[in-house]
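Nothing here was measured: the structure is a model prediction, and the numbers come from that model.
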Amino acid sequence: MSNAVPQPTESKNSSSTPPKKKRRPVRAAGLLLIIVSVLVGWFMLIAFLGWQSGQRELQDKQFAQLDRQVTLAEENIGQGNYQLALTRLDWVLERDANHAKAQSLREQALAGIGTTPEPTPVTAVTVTPAPTRLPTATPGAIDSPSEELLRIQRLVATKFWEEALPALLAFQQQFPSFEREETDRLLYDTFLNYGLDLVDGEQVELGMYYLAQAQQLGDLPQYVKDYQTWAELYTQGISFYGVNWEASAYYFRDLCLAAPFYQSSCEQLFTVLVSLGDQYAFAQDWCPAEQLYREASSYQTTAELTQKRTEATENCLLATPTPSEPITDTVPISDTAPFEGAPFVLPIETPASP
């Protein structure tokens with residue numbers, strides 16, 4: 001007879017249950033990690049595709065804008081506006097130095113400037129414009145009007161507009177009838193050219209005023225009228241800058257389309273669009289923000305703008321439509337037209353005979 005004590009055997013359930021309980025959290029953590037990785041990869045793919053799409057849109061927009069300016073420059077050359085054509089073509093060549101048509105047209109514009117004299121407009125008004133906001137006239141009496149007129153002519157010929165303008169005003173004040181047609185012509189040229197210099201610089205409003213004064217003395221060339229329009233759009237856009245981004249964008253959109261070279265209009269539009277998009281994003285109105293960021297990226301792309309656009313796109317897709325409220329406080333219809341036909345006749349029952 002054996003004295004060995006039988007050892008208790010472990011059941012299958014007791015040996016297999018603990019490992020299953022340990023593996024479940026590990027499996028859940030692994031599954032969660034896989035889901036997070038897939039989501040991160042998905043968002044990275046969306047961001048990359050958005051950036052790639054933005055780059056294509058930017059290139060298409062830039063090429064279209066360059067072609068438009070080349071076409072307008074060609075029209076300017078045909079009209080004899082060589083200086084404006086040269087301004088457009090220089091802007092194009094700064095962005096695409098190998099643009100063959102722009103190079104060819106630039107040579108034509110330079111040849112036109114060198115061989116064609118600038119047309120002198122015909123002055124039609126002989127009344128001296130009001131001196132409001134104009135430089136004060138040179139003090140002192142003029143001894144010899146002939147010598148002073150020669151000096152003024154030299155100032156105008158050498159394009160010293162700032163010195164020629166007060167000298168002309170003083171001359172016309174002291175000698176209103178002396179060579180009036182000539183002094184009006186000189187005053188017209190000074191107002192016109194000095195105004196253009198200021199309009200294309202920092203004193204836009206003063207330049208606009210000088211151009212308006214020139215318009216009182218004679219007809220303005222078409223390219224000067226174009227500058228007047230651009231200056232008006234610019235001053236309107238700047239007046240709303242930082243105050244009403246939507247109104248500012250309205251003016252800079254037109255200016256960027258017509259004259260991207262004027263006052264860095266497209267760069268200004270880019271800043272306005274991003275600022276307006278930020279305003280919508282701050283209010284969590286993501287869909288309009290995404291549209292504005294998309295429009296801004298057609299003029300310029302930055303890493304910050306790409307991130308903003310991606311965030312706005314994702315939140316716009318996640319946005320749910322607001323359920324419509326039930327219609328309440330309805331007003332009953334009260335002003336119905338009366339019935340105008342024959343009155344209704346109700347049937348009369350005939351009593352049964354006994």
Side-chain angles (χ1 to χ4, degrees), residues 24-69 95-96 233 236-258 260 264-330:
R24 284 177 183 175
V26 175
R27 290 180 179 178
L31 181 60
L32 180 62
L33 182 61
I34 292 174
I35 294 174
V36 171
S37 301
V38 170
L39 289 176
V40 171
W42 174 253
F43 286 129
M44 290 181 65
L45 178 61
I46 292 177
F48 174 75
L49 293 177
W51 174 84
Q52 195 175 40
S53 175
Q55 289 296 109
R56 287 196 298 267
E57 291 178 4
L58 176 61
Q59 290 179 356
D60 294 341
K61 184 80 173 182
Q62 288 176 342
F63 287 143
Q65 199 170 47
L66 294 180
D67 292 340
R68 172 178 169 78
Q69 293 305 311
R95 287 150 181 79
D96 186 2
L233 290 172
Q236 291 289 345
I238 285 295
S239 66
F240 290 106
Y241 197 92
V243 179
N244 187 333
W245 293 115
E246 190 168 0
S248 184
Y250 173 82
Y251 292 103
F252 276 115
R253 281 189 181 101
D254 290 344
L255 182 57
C256 176
L257 179 63
S264 302
S265 57
C266 292
E267 288 81 357
Q268 297 278 10
L269 176 60
F270 172 80
T271 303
V272 170
L273 292 173
V274 174
S275 300
L276 183 57
D278 291 344
Q279 182 175 308
Y280 277 104
F282 181 77
Q284 296 187 352
D285 201 353
W286 296 108
C287 293
E290 192 274 337
Q291 294 176 0
L292 289 164
Y293 290 147
R294 180 185 298 273
E295 183 181 357
S297 64
S298 66
Y299 297 100
Q300 185 179 340
T301 56
T302 62
E304 183 180 4
L305 176 60
T306 302
Q307 182 179 0
K308 290 180 178 180
R309 180 179 172 183
T310 302
E311 181 183 6
T313 302
E314 294 172 357
N315 285 282
C316 179
L317 293 174
L318 295 174
T320 56
T322 304
S324 58
E325 297 292 335
I327 300 175
T328 58
D329 299 331
T330 58

Can you measure from [atom1] ([X]) to [atom2] ([Y]) and round to the nearest 0.5 angstrom?
X: Glu267; Y: Tyr299; atom1: CD; atom2: OH; value: 11.0 Å
X: Leu269; Y: Leu257; atom1: CG; atom2: CG; value: 10.0 Å
X: Gln291; Y: Cys316; atom1: CD; atom2: SG; value: 7.5 Å
X: Leu233; Y: Tyr250; atom1: CG; atom2: OH; value: 9.0 Å
X: Arg253; Y: Ser248; atom1: CZ; atom2: OG; value: 10.0 Å
X: Gln279; Y: Leu292; atom1: CD; atom2: CG; value: 9.5 Å

Checklist entry - Does Phe240 offer a backbone N or O that forms a donor-acceptor pair with the side chain of Asn244 under 3.5 Å? => result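 Looks like no, no N/O pair under 3.5 Å.
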
Checklist entry - Between Thr313 and Arg309, is there a donor-acceptor pair closer than 3.5 Å when you use the side chain of the first and the backbone of the second? => result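 Checked: pair present.
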
Checklist entry - Which heavy atom of Cys266 sits nearest a heavy atom of Pro260, and at what distance? => result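 Residues Cys266 and Pro260, closest heavy atoms: SG-CB, 3.5 Å.
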
Checklist entry - What's the shortest heavy-atom distance between Ala289 and Ala281, and which atoms? => result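 Of all heavy-atom pairs spanning Ala289 and Ala281, the closest is CB-N, 3.8 Å.
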
Next on the checklist: The criterion is ring-ring contact (aromatic ring centres under 6.0 Å, His included); which residues satisfy it with Tyr241, sequence neighbours excluded?
Outcome noted: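 Partners of Tyr241 under the ring-ring contact (aromatic ring centres under 6.0 Å, His included) test: Trp245.
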
Checklist entry - Can you find a heavy atom in the side chain of Trp286 that is under 4.5 Å from one in the side chain of Tyr280? => result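 Side chain of Trp286 against side chain of Tyr280, heavy atoms only: no contact under 4.5 Å found.
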
Checklist entry - Of Val272, Leu273, Val274, which meets side chain to side chain contact (heavy atoms under 4.5 Å, CB included) against Phe270? => result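 Looking at Val272, Leu273, Val274, the match for Phe270 under the side chain to side chain contact (heavy atoms under 4.5 Å, CB included) is Val274.
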
Checklist entry - Does CD belonging to Glu246 count more than 12 external heavy atoms closer than 6.0 Å? => result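 Atom CD in Glu246 is not crowded, with 12 or fewer foreign heavy atoms closer than 6.0 Å.
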
Checklist entry - In chain order, what residues pass the side chain to side chain donor-acceptor pair (under 3.5 Å) check against Tyr293, with sequence neighbours excluded? => result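 Tyr293 satisfies side chain to side chain donor-acceptor pair (under 3.5 Å) with Asp278 once adjacent residues are dropped.
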
